[in-house]
Amino acid sequence: MASQCNGNSDSFVKMPTIKFTKLFINGNFVDSISGKTFETIDPRTGEVITRVAEGDKEDIDLAVKAARKAFDHGPWPRLPGCERGRIMMKFADLIDEHVEELAALDTIDAGKLFGGGKSVDIPQAANNLRYYAGAADKIHGEVLKMSREFQAYTLREPIGVVGHIVPWNFPTTMFFAKVSPALAAGCTMVFKPAEQTPLSALYYAHLAKLAGIPDGVLNVVTGFGPTVGAAISSHMDIDAVSFTGSTEVGREIMQAAAKSNLKTLSLELGGKSPLIIFDDADLDKAAELALLGILYNKGEICVASSRVFVQEGIYDEIVKKLVEKAKDWTVGDPFDPKVRQGPQVDKKQFDMILSYIEHGKREGATLLTGGKALGNKGYYIEPTIFTDVKEDMLIAKDEIFGPVMALMKFKTIDEAIEKANNTKYGLAAGIVTKDLDVANTVSRSIRAGIIWINCYFAFDRDCPYGGYKMSGFGRDFGLDALYKYLQVKSVVTPIYNSPWL
């Protein structure tokens with residue numbers, strides 16, 4: 001089993017004071033119209049952190065009204081791009097000033113490693129804002145070469161009011177993956193954080209106000225998917241929705257968009273990503289990448305390398321190394337700097353992961369290591385590795401969203417490609433090889449939105465990210481993300497007596 005470390009969080013860091021629990025609409029924190037609240041739970045203990053305002057359709061109506069007014073009549077879309085960028089830079093600076101508090105909020109709300117939040121998630125969020133702030137005054141159309149006596153050019157204009165709906169696994173990263181490019185484009189927005197992790201989003205709304213983002217531009221409505229999420233998806237006055245989450249919910253959002261006003265959609269959905277390890281790979285590096293690919297963020301990441309395919313010549317050696325490394329992987333309180341894996345986000349996810357582990361056993365897979373809950377409180381699960389996995393088993397087909405690896409063997413490159421593509425998903429894939437020809441062939445053959453060669457989780461704000469097949473469409477990060485919040489308008493005028501076209 002994995003090593004366990006159950007320290008006292010108070011000895012590692014000062015617990016954050018919960019400052020914001022109300023909806024943020026039109027620049028103000030307000031109670032929900034119904035007055036309802038819901039609990040947000042600390043997954044380290046299963047105990048209640050606080051109660052948060054529970055929004056509903058009526059609250060979304062208010063938030064959309066504020067966003068629509070801010071878009072149609074407010075200054076934000078009409079500011080010079082450099083001025084929007086200046087305010088966004090200020091927003092980023094304010095995040096830097098509150099790194100520890102923000103990281104602690106994501107730790108107690110989502111079970112994320114505090115050290116990773118301080119060193120990676122929060123600083124990268126601020127830098128994501130800066131990236132798009134720098135792009136805000138570089139939104140250009142084109143001059144067109146017409147075939148007749150017309151002069152024409154295109155404009156890129158903000159799409160309007162945007163609805164953002166995000167999951168609970170990366171509360172801060174998801175917030176700024178959606179909000180940053182939309183702000184740079186000149187859009188206004190309504191943001192729904194996951195009901196499991198609402199706290200940091202409300203804090204960011206507060207910082208946005210301090211930075212000078214005008215009222216109504218950024219609204220945050222906490223609540224549940226069937227109410228708040230559904231209201232955003234079906235709202236007649238929202239022009240676009242950007243969603244990250246499950247494929248099942250993505251289908252519902254598409255249906256709602258079609259039945260309402262045919263709003264533009266970007267959907268980053270589920271994944272069952274393959275990691276393919278070839279015979280020539282460095283064994284230690286390959287094992288480390290494979291383990292990181294499934295255990296990072298406790299497996300709660302849509303690009304987790306949950307299907308690991310190992311070429312038969314090194315299979316037994318890789319299996320041995322994986323088991324050794326998994327047993328040294330420390331699970332425990334995410335505030336403890338020695339810990340590498342915190343708790344699953346909530347009881348529902350915890351139970352679902354354990355259920356999949358039992359499915360794997362019943363279907364005949366061999367449990368190499370892990371497979372059990374850890375501790376007597378909180379939602380901790382051992383790093384779990386199965387071998388003798390068949391492609392029709394649930395643990396090889398379904399997105400588990402937890403620390404569960406399915407190990408499989410292959411002989412040839414063609415077999416590896418076929419197995420990697422044998423999934424309804426197409427979000428990411430990894431390749432470990434020293435052979436450039438193999439890397440090129442396989443990377444071009446796998447139907448997935450991002451391919452990592454001899455690395456994994458190599459995200460960057462300049463690198464577009466999104467899915468093929470049932471992993472969705474549209475891209476986050478890079479300039480592709482900016483363009484999805486813009487629409488192209490062509491402007492044409494006649495020209496007379498011109499010496500040339």
Side-chain angles (χ1 to χ4, degrees), residues 60 64 128 159-171 173-182 185 187 189-197 201 221 223-236 238-273 300-304 306 397-399 401 421 423-429 446-451 459 461 463-487:
I60 290 296
V64 173
N128 194 32
I159 201 164
V161 176
V162 179
H164 301 297
I165 306 172
V166 302
W168 36 259
N169 55 332
F170 284 86
T173 302
M174 286 289 99
F175 187 97
F176 289 100
K178 307 297 188 185
V179 167
S180 302
C187 294
M189 62 211 71
V190 179
F191 184 93
K192 180 206 171 297
E195 54 266 29
Q196 296 89 342
T197 54
V221 180
F224 296 90
T227 49
V228 174
I232 289 173
S233 304
S234 61
H235 205 287
M236 294 296 293
I238 287 180
D239 300 299
V241 167
S242 182
F243 170 74
T244 296
S246 71
T247 298
E248 292 71 27
V249 175
R251 287 179 184 273
E252 294 178 13
I253 290 173
M254 282 195 76
Q255 290 174 344
K259 289 179 180 178
S260 54
N261 61 343
L262 288 174
K263 56 179 64 65
T264 298
L265 296 179
S266 172
L267 304 176
E268 192 263 279
L269 307 176
K272 193 69 177 175
S273 300
E300 292 175 347
I301 180 166
C302 44
V303 294
S306 50
K397 295 193 302 182
D398 288 4
E399 183 179 39
F401 229 61
N421 283 328
T423 174
K424 64 184 178 181
Y425 298 114
L427 199 53
I446 295 176
R447 296 189 63 207
I450 189 166
I451 311 292
F459 290 108
R461 51 191 167 271
C463 183
Y465 161 69
Y468 283 27
K469 300 190 286 187
M470 291 181 69
S471 290
F473 48 83
R475 294 293 181 266
D476 287 324
F477 301 120
L479 294 181
D480 292 74
L482 177 66
Y483 295 150
K484 75 182 180 184
Y485 299 112
L486 298 163
Q487 50 193 352

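Only this structure's heavy atoms are used, side chains among them; waters, hydrogens and symmetry mates stay out.
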Okay, side chain of Lys272, backbone of Lys424: is any donor-acceptor separation there less than 3.5 Å? no
About how many Å separate OH of Tyr483 and CD1 of Ile159, when rounded to the nearest 0.5 Å? 15.0 Å
Nearest heavy-atom pair of Pro193 and Thr197: which atoms, and what distance? CB-O, 4.0 Å
Could you tell me whether the side chain of Ile232 reaches within less than 4.5 Å of the side chain of Phe243, counting heavy atoms only? no
So which heavy atom on Leu482 is nearest to which on Ala185, and how close? CD1-N, 3.9 Å
Separation of Ser233 OG from Ile238 CD1 (nearest 0.5 Å): 8.0 Å
With a 4.5 Å limit on heavy-atom distance, are the side chains of Glu268 and Tyr465 in contact? yes
Do the side chain of Asp480 and the main chain of Pro464 share a donor and acceptor less than 3.5 angstrom apart? no
Could you walk me through whether Lys469 and Thr423 pass side-chain hydrogen bond (donor to acceptor under 3.5 Å, both in side chains), step by step? CA-CA 9 Å; Lys469 300 190 286 187; Thr423 174; 5.7 Å; no
Where Ser273 and Ala304 come nearest, the two heavy atoms and their spacing: CB-O, 3.5 Å
dist Met470:CE -> Leu267:CG (nearest 0.5 Å) comes out at 11.5 Å
Ring geometry between Tyr485 and His164 (parallel below 30°, tilted from 30 to 60°, perpendicular above 60°): perpendicular
Can you tell me how far the OG atom of Ser471 sits from the CD1 atom of Ile450, to the nearest 0.5 Å? 12.5 Å
Indicate yes or no for a side-chain donor-acceptor contact from Asn421 to the backbone of Arg447 under 3.5 Å, with no hydrogens or angles considered. yes
OG1 on Thr227 to CD on Glu195, rounded to 0.5 Å: 8.0 Å
Working note: Lys178 + Ile165, criterion side chain to side chain contact (heavy atoms under 4.5 Å, CB included); need CA distance, chi angles, decisive distance, verdict. CA-CA 9 Å; Lys178 307 297 188 185; Ile165 306 172; over 6 Å; no
Take Cys187 and Asp239 through the side chain to side chain contact (heavy atoms under 4.5 Å, CB included) test and state the conclusion after the steps. CA-CA 10 Å; Cys187 294; Asp239 300 299; over 6 Å; no
May I ask you to decide if the ring planes of Phe477 and Phe459 are parallel, tilted or perpendicular, using 30° and 60° as cut-offs? tilted
Between Phe401 and Trp168, how do the two ring planes meet: parallel, tilted or perpendicular, split at 30° and 60°? perpendicular
Just list the side-chain donor-acceptor pairs under 3.5 Å for residues 251-260, sequence neighbours left out, or say none.
from   : atom 1 : to     : atom 2 : distance (Å)
Ser260 : OG     : Ala256 : O      : 2.7
Ser260 : OG     : Ala257 : O      : 3.3
Ser260 : OG     : Lys263 : NZ     : 2.9

What's the shortest heavy-atom distance between Gly270 and Glu399, and which atoms? CA-OE1, 3.4 Å
Measure across Val303 and Ala428 and return the closest heavy-atom pair with its distance rounded to 0.1 Å. CG1-CB, 3.6 Å
Taking the side chain as every heavy atom from C-beta outward, state whether Asp476 and Thr244 have any atom pair closer than 4.5 Å. yes
So, taking the atom named CZ in Arg461 and the one named CG in Leu479, what distance separates them when rounded to the nearest 0.5 Å? 12.5 Å
Minimum heavy-atom distance between Arg475 and Tyr468, given as atom pair plus value: NH2-CE1, 3.7 Å
Side-chain donor or acceptor of Ser266 paired with backbone N/O of Ser242 under 3.5 Å: no
Begin with the C-alpha distance, continue with both residues' side-chain angles, and end with the deciding distance and a verdict on side chain to side chain contact (heavy atoms under 4.5 Å, CB included) for Leu269 and Phe473. CA-CA 8 Å; Leu269 307 176; Phe473 48 83; over 6 Å; no
